[in-house]
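Only one structure is covered here, and it is reproduced in the block below.
If you're wondering where the values come from, they're calculated on a predicted model, not measured in any experiment. First the proteins, then the strands, lettered A, B, ... as listed; each starts at 1.
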There are 2 protein chains.
Amino acid sequence: MDAKTQAKMEARARILKALAHPTRLFIVEELSRGERPVAELTSLVGLDMSTVSKHLSLLKAVGLIRDERRGVQVFYSLATPCVLNFFGCLESVLEARLQTQIELVG
Amino acid sequence: MDAKTQAKMEARARILKALAHPTRLFIVEELSRGERPVAELTSLVGLDMSTVSKHLSLLKAVGLIRDERRGVQVFYSLATPCVLNFFGCLESVLEARLQTQIELVG
DNA sequence: TTCATATTTGGCAATATAGCCAAACAATAG
DNA sequence: CTATTGTTTGGCTATATTGCCAAATATGAA
């Protein structure tokens with residue numbers, strides 16, 4: 001793999017990696033319904049706010065979400081909604097794998 | 001996040017995690033052009049064959065690729081080509097982020 | 001069987017990640 | 001100013017991941 005391709009793959013991987021965590025996927029899906037302040041996301045997620053804040057920073061760093069402070073709160077929202085299209089494909093991967101496993105048993 | 005949602009997000013994250021590595025992204029893109037034996041992928045990637053083999057195992061474990069032994073070689077191919085649709089979105093995330101950075105400078 | 005080739009697996013070292021707690025920081029109210 | 005609320009950052013530990021090398025396994029040829 002040449003250096004240029006390597007750089008391109010690393011850039012893509014960075015975004016996918018940001019997405020590749022249960023909590024962050026949940027946050028993205030939640031944000032697909034509209035912007036949310038950190039406190040609300042924290043209560044939905046059910047982890048320490050510092051943990052949620054770090055997940056949000058990571059998603060923001062790669063450009064998947066945006067933040068906007070209004071008064072004392074920081075509202076996060078989806079910056080690139082096209083990632084929502086991933087979910088359908090992920091489900092079909094899961095279904096296909098399930099199907100394969102059924103065939104192995106049957 | 002309730003247990004069921006957690007499980008769903010974990011399942012999705014497992015697939016995305018498998019994809020979220022420069023080498024594995026490269027492999028997936030290479031396989032989009034057709035099946036390839038491990039040795040060929042290894043020479044394209046430029047890492048130890050054992051390393052490439054482990055990447056392939058991981059991709060296969062989550063159902064993204066398939067393997068088929070023919071004689072002494074094992075050919076890998078894409079099981080769920082819909083993941084190729086991710087790349088366009090990833091590029092747009094990268095472009096949007098670049099645009100934001102330009103705005104911050106200008 | 002033995003040999004050669006293709007691939008996978010085991011084991012290890014280096015690095016990265018996720019979570020919590022505590023402390024710092026930001027904005028507004030009083 | 002201080003106090004309060006909302007959020008982020010620092011630091012730490014536990015766990016996971018990636019890569020290499022060496023060894024094991026699998027298939028086909030002789």
Side-chain angles (χ1 to χ4, degrees), chain A residues 1 3 5-7 9-28 30-31 34-62 64-77, chain B residues 1 3 5-7 9-28 30-31 34-62 64-77:
Chain A
M1 183 163 34
T5 307
Q6 174 75 25
M9 295 305 156
E10 277 171 7
R12 289 179 180 179
R14 220 168 292 129
I15 301 169
L16 284 172
K17 239 169 111 174
L19 213 50
H21 187 279
T23 300
R24 293 193 291 266
L25 282 171
F26 177 78
I27 289 171
V28 165
E30 187 55 37
L31 292 182
E35 61 170 21
R36 298 276 185 275
V38 181
E40 188 177 341
L41 290 171
T42 298
S43 85
L44 289 167
V45 167
L47 292 176
D48 196 274
M49 185 183 278
S50 69
T51 302
V52 173
S53 177
K54 280 174 186 170
H55 283 307
L56 290 167
S57 298
L58 189 47
L59 287 168
K60 183 188 158 193
V62 300
L64 286 169
I65 65 176
R66 266 193 285 268
D67 65 336
E68 183 191 339
R69 180 177 279 272
R70 288 206 297 278
V72 81
Q73 288 176 297
V74 177
F75 290 83
Y76 281 89
S77 59
Chain B
M1 183 163 34
T5 307
Q6 174 75 25
M9 295 304 155
E10 277 170 8
R12 290 180 180 178
R14 221 169 290 129
I15 301 169
L16 284 172
K17 238 169 112 175
L19 212 53
H21 187 280
T23 301
R24 294 193 292 266
L25 282 172
F26 177 78
I27 289 171
V28 166
E30 187 55 36
L31 293 181
E35 61 171 20
R36 299 275 185 278
V38 180
E40 188 177 339
L41 289 170
T42 297
S43 84
L44 289 168
V45 166
L47 292 176
D48 197 274
M49 186 182 278
S50 69
T51 302
V52 173
S53 177
K54 282 175 185 170
H55 283 306
L56 290 166
S57 299
L58 190 47
L59 287 168
K60 183 187 158 194
V62 300
L64 286 169
I65 65 176
R66 266 192 284 267
D67 65 337
E68 184 190 339
R69 179 178 280 271
R70 287 207 296 277
V72 81
Q73 288 176 298
V74 177
F75 291 82
Y76 281 90
S77 59

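- OP1 and OP2 of dA6(C) both lie 4.0 Å or more from every side-chain N or O belonging to Tyr76(B).
- Regarding contacts with the backbone of dT8(D), every side-chain N or O of Arg69(A) stays at 4.0 angstrom or more from both OP1 and OP2.
- Remark: His55(A) is in phosphate contact with dG19(C), judged by side-chain N or O atoms under 4.0 Å from OP1 or OP2.
- Counting any heavy atom pair closer than 4.0 Å across all strands shown, Arg70(B) reaches no nucleic acid atom.
- Within the structure, a side-chain polar atom (N or O) of Thr51(A) is placed less than 4.0 Å from OP1 or OP2 of dC20(C).
- Using a 4.0 Å cut-off between charged nitrogen and carboxylate oxygen, Glu68(A) and Arg66(A) do not count as a salt-bridge pair.
- Mapping Val72(A) and Thr23(A) onto DNA chain C via the closest heavy atom, the residue that lands nearer the 5' end is Thr23(A).
- Looking only at side-chain heavy atoms (C-beta outward), Leu31(A) and Leu41(A) come within less than 4.5 Å of each other.
- Rounded to a whole Å, the CG atom of Asp48(A) is 13 Å from the C1' atom of dA23(C).
- At whole-Å resolution of the value, NZ in Lys54(A) and C1' in dG19(C) are 8 Å apart.
- Nearest heavy atom pair, residue Met9(B) against residue Pro22(A), reads CB-O, 3.6 Å.
- To the nearest angstrom, P of dG19(C) lies 13 Å from CZ of Phe26(A).
- Rounded to a whole Å, the CG atom of Leu47(A) is 14 Å from the C1' atom of dT17(C).
- With the nearest nucleotide of DNA chain C identified for both Gly46(A) and Gly71(A), Gly46(A) has the one nearer the 5' end.
- Of the side-chain N and O atoms in His21(B), one or more sit less than 4.0 angstrom from OP1 or OP2 of dG19(D).
- Checking side-chain atoms of Ser53(A) against main-chain N and O of Met49(A) turns up no donor-acceptor pair under 3.5 Å.
- Rounded to an integer number of Å, the gap from Arg36(A) CZ to dT7(D) P is 13 Å.
- Of the candidates dT7(D), dT8(C), dT9(C), dT7(D) carries the atom nearest the Gln73(A) side chain, counting heavy atoms from C-beta on.
- Of the candidates dT7(D), dT18(D), dC21(C), dT7(D) carries the atom nearest the Met49(A) side chain, counting heavy atoms from C-beta on.
- Residues Val62(B) and Arg14(B) approach most closely at CG1-O, 3.8 Å, considering heavy atoms.
- Across the protein-nucleic acid pair, Leu56(A) atom CG and dG19(C) atom P stand 12 Å apart, rounded to whole Å.
- Taking 4.0 angstrom as the limit, Lys17(A) places none of its side-chain polar atoms (N or O) nearer than this to OP1 or OP2 of dT17(D).
- Considering Leu56(B), Val28(B), Leu47(B) in turn, Leu47(B) is the only one that fulfils the side-chain contact (heavy atoms from CB on, under 4.5 Å) rule with Thr23(B).
- Of the candidate nucleotides dT8(D), dA26(C), dA22(D), dA22(D) has the atom nearest to the side chain of Ser50(B).
- Between dT8(C) and Ser53(B), a contact under 4.0 Å exists linking OP1 or OP2 to a side-chain N or O.
- Between the P atom of dA18(C) and the CG atom of Leu59(A) lies a distance of 10 Å, rounded to the nearest Å.
- Between the CG atom of Asp67(A) and the P atom of dA26(C) there is a distance of 14 Å, rounded to whole Å.
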